Amino acid sequence: MLILSPSILAADFSVLGKQIKEVEAAGARYLHIDVMDGCFVPSISFGMPVIRSIRRTTDMVFDVHLMIERPERYVEEFAEAGADIITFHLEATEDPAALIDKIHSLSLKAGLSLKPATPVSAMIPYADMLDMLLVMTVEPGFGGQDYIPESTERIREARRIFEARGLTKDIQVDGGVGPDNAHVVLEAGANVIVSGSAVFRGDIGKNIEKIQKVFWDFEK
Ligand code: DX5
Ligand code: ZN
């Protein structure tokens with residue numbers, strides 16, 4: 001199943017609730033929520049209070065991407081705030097397996113994310129346990145960056161690793177993806193597409209329609 005997960009990092013926060021409604025009306029099922037701590041990544045975004053507020057406005061799947069050091073400190077709070085999926089970075093924690101278990105014990109889906117420089121093979125020990133692998137297609141920290149072309153082969157490698165083990169897991173891509181290159185990541189094996197600027201810059205409904213057209217063409 002192909003899923004679009006618009007990243008609210010690119011939204012206009014003065015009208016966030018309204019823009020989420022637009023995204024939902026256009027047919028997106030996931031909402032990508034980027035949490036940054038100023039340590040794991042250079043920038044700071046937002047945290048639990050924002051998630052709690054928007055949780056009251058929509059039933060969309062909250063796809064929370066934690067770009068924070070030692071994410072194990074906060075997963076209960078993010079669960080309570082309304083996360084449905086919690087994705088953390090392999091590079092940010094000492095015991096990814098324990099953290100995946102902890103996320104599952106809260107009845108949430110667990111995602112594991114890899115920065116562009118981390119070998120894709122580093123996820124092999126967790127391939128069975130995780131629900132989603134996030135292959136970062138830019139350096140995490142900022143929206144609006146260009147897709148790193150080497151990412152395409154990394155997505156392929158991740159899909160091969162799952163297939164070799166008979167696993168049908170979600171592969172998410174995040175960074176610099178929009179209607180012009182979505183077909184590239186889909187062909188490589190990704191099925192959950194994060195898109196920030198390409199959704200929120202300009203007409204949200206039209207932007208989403210353009211990406212969905214790429215999905216339909218791919219599924220044909
Ligand atoms: C980057 C974030 C992304 C970002 C994507 O660190 O994880 O989710 O919002 O934004 P675009 O689609 O603009 O590259
Ligand atoms: Zn993200």
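One-based numbering, in listed order, for ligands and for the atoms of each. Quick caveat, the model's predicted, so the values are computed rather than measured.
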As a quick check of understanding, evaluate side-chain hydrogen bond (donor to acceptor under 3.5 Å, both in side chains) for Q172 and T87, giving each step before the final call. CA-CA 10 Å; Q172 182 174 59; T87 298; 4.5 Å; no
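- With respect to the salt-bridge test (charged N to carboxylate O, under 4.0 angstrom), the residues D84 and R55 qualify.
- Ring centers of Y30 and F62: at least 6.0 Å apart, outside the cut-off.
- With the Zn ion (ligand 2) as the vertex, OD1 of D34 and ND1 of H65 span 90° to the nearest 10°.
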For ligand 1, list all ligand N or O to protein N or O distances below 3.5 Å, rounded to 0.1 Å.
from     : atom 1 : to   : atom 2 : distance (Å)
ligand 1 : 6 (O)  : G141 : N      : 2.7
ligand 1 : 7 (O)  : D34  : OD1    : 3.0
ligand 1 : 7 (O)  : H65  : ND1    : 3.3
ligand 1 : 7 (O)  : D174 : OD2    : 2.8
ligand 1 : 8 (O)  : H32  : NE2    : 3.4
ligand 1 : 8 (O)  : D34  : OD1    : 3.1
ligand 1 : 8 (O)  : D34  : OD2    : 2.7
ligand 1 : 8 (O)  : D174 : OD1    : 2.6
ligand 1 : 8 (O)  : D174 : OD2    : 3.0
ligand 1 : 9 (O)  : S7   : OG     : 2.8
ligand 1 : 9 (O)  : D34  : OD2    : 3.0
ligand 1 : 12 (O) : G196 : N      : 2.7
ligand 1 : 13 (O) : G144 : N      : 2.9
ligand 1 : 13 (O) : S197 : N      : 3.0
ligand 1 : 13 (O) : S197 : OG     : 2.3
ligand 1 : 14 (O) : G176 : N      : 2.8

Starting from the C-alpha separation in whole Å, work towards a yes-or-no answer on side chain to side chain contact (heavy atoms under 4.5 Å, CB included) for V23 and V199. CA-CA 8 Å; V23 157; V199 166; 4.3 Å; yes
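- Between F218 and H183, the ring center distance fails the sub-6.0 Å criterion.
- A salt bridge is defined here as a Lys NZ or Arg NE, NH1 or NH2 lying under 4.0 Å from an Asp or Glu carboxylate O, and K213 with E209 fails to meet this definition.
- As for D174, its N/O/S atom nearest the Zn ion (ligand 2) is the one called OD2.
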Check the pair M123, L90 against side chain to side chain contact (heavy atoms under 4.5 Å, CB included), reporting the backbone distance first and the verdict last. CA-CA 8 Å; M123 66 81 155; L90 180 65; 5.5 Å; no
